[in-house]
Amino acid sequence: MKIKTIAISATAFVLLGGVVGVQQYISSQITSKVQREMPNASGISASVPLADVPSNLTSDSIKSANINIKSFALKESGTKTSLEISASSISKAKPTLVGSLEVTATIPASTITKASEFNDAQIVGNTLQVSAGAGGMGTAILIPKYANSQLYFELQSVSIFGNQIPASSLPADLQDQIKSKSQRSLTPPKGLKVKFVSLSSKGLSVRMSGNNIQLGNLGSGL
């Protein structure tokens with residue numbers, strides 16, 4: 001009985017090792033495909049769930065995959081971003097069609113603070129805080145917004161000597177000045193829509209999603 005148990009365990013170990021090997025092979029194939037479709041990307045890695053390996057082998061598409069890209073230069077500005085991609089129903093045929101795609105592009109915090117054109121800009125929590133008022137005695141609190149293919153910051157409030165003044169109580173043209181000073185064009189790749197933008201210690205993140213997207217359009221459109 002003991003020998004039989006050891007034999008079963010050894011067989012299971014060998015089979016699991018084989019499945020893991022296939023998983024790594026599929027992940028490497030996806031990585032290579034992304035590299036071909038997005039030649040300007042670097043630091044690409046991909047992973048597929050172990051449970052999906054059997055169906056991935058027998059079907060004409062990959063059920064799902066997570067793809068991370070450490071560095072990718074945006075087409076319109078050349079700004080370096082990192083990308084987190086969640087893809088489902090990835091066709092094995094060419095051109096590569098992705099049934100469902102979610103992309104989060106993150107611009108590093110250091111880039112945001114340097115390029116913001118505001119005095120002493122720093123990311124605090126989920127806001128951008130900049131010096132405001134005479135001699136920089138106050139702090140303006142800004143939040144990122146996206147509308148009409150434009151990415152910009154909106155004034156949320158101003159803090160002076162510990163007193164919080166909401167944007168609604170400030171001159172209307174001040175909001176316009178903040179927007180025009182921070183406004184940047186951002187057109188999503190064909191088939192993708194911007195869902196939301198957010199700030200964190202990592203930087204400014206833009207989340208986009210769409211269905212039936214050609215992977216090549218992602219590389220040429222971002």
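Sequence positions, counted from 1, serve as the residue numbers for this chain.
Residue K70 qualifies as open at atom NZ: its count of foreign heavy atoms under 6.0 Å is 12 or below.
Here the side chains of K179 and D176 are not in contact, with every heavy-atom distance at 4.5 Å or above. Taking the side chain as every heavy atom from C-beta outward, M38 and I69 approach each other to under 4.5 Å. Residues I26 and V48 have side chains in contact (heavy-atom distance under 4.5 Å, counting atoms from C-beta outward).
Under the rule for a side chain to side chain contact (heavy atoms under 4.5 Å, CB included), the partners of I213 that lie at least two apart in sequence or sit in another chain are L101, L192. Listed by chain and residue number, nothing satisfies the side-chain hydrogen bond (donor to acceptor under 3.5 Å, both in side chains) test with T96 (two or more places apart in sequence, or in another chain).
For the pairing with S205, the side-chain contact (heavy atoms from CB on, under 4.5 Å) check across T104, L199, I107 returns one residue only, T104.
The two atoms that bring A41 and Q35 nearest to each other are O-NE2, 3.4 Å, heavy atoms only. The two residues S91 and K33 have their closest heavy-atom pair at O-NZ, 3.6 Å.
The backbone N or O of N56 lies less than 3.5 Å from a partner atom in the side chain of K92, making a donor-acceptor pair. The main-chain N or O of I165 is never found under 3.5 Å from a side-chain atom of S169 such that the two would form a donor-acceptor pair.
The cationic atom of K145 (NZ for Lys, CZ for Arg) does not lie both less than 6.0 Å from the six-membered ring centre of Y152 and within 45° of the ring axis.
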I'd like to know whether T139 forms a side chain to side chain donor-acceptor pair (under 3.5 Å) with Q129, so could you lay out the CA-CA distance, the side-chain angles of the two residues, the decisive distance to 0.1 Å, and finally the verdict. CA-CA 6 Å; T139 300; Q129 299 191 6; 5.3 Å; no
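Linking ILVMFWY side-chain heavy atoms closer than 4.5 Å, directly or via other members, places M137 and V130 in a single hydrophobic cluster.
Under the 3.5 Å distance criterion, with hydrogens and angles disregarded, no donor-acceptor pair is assigned to the side chains of N126 and S200.
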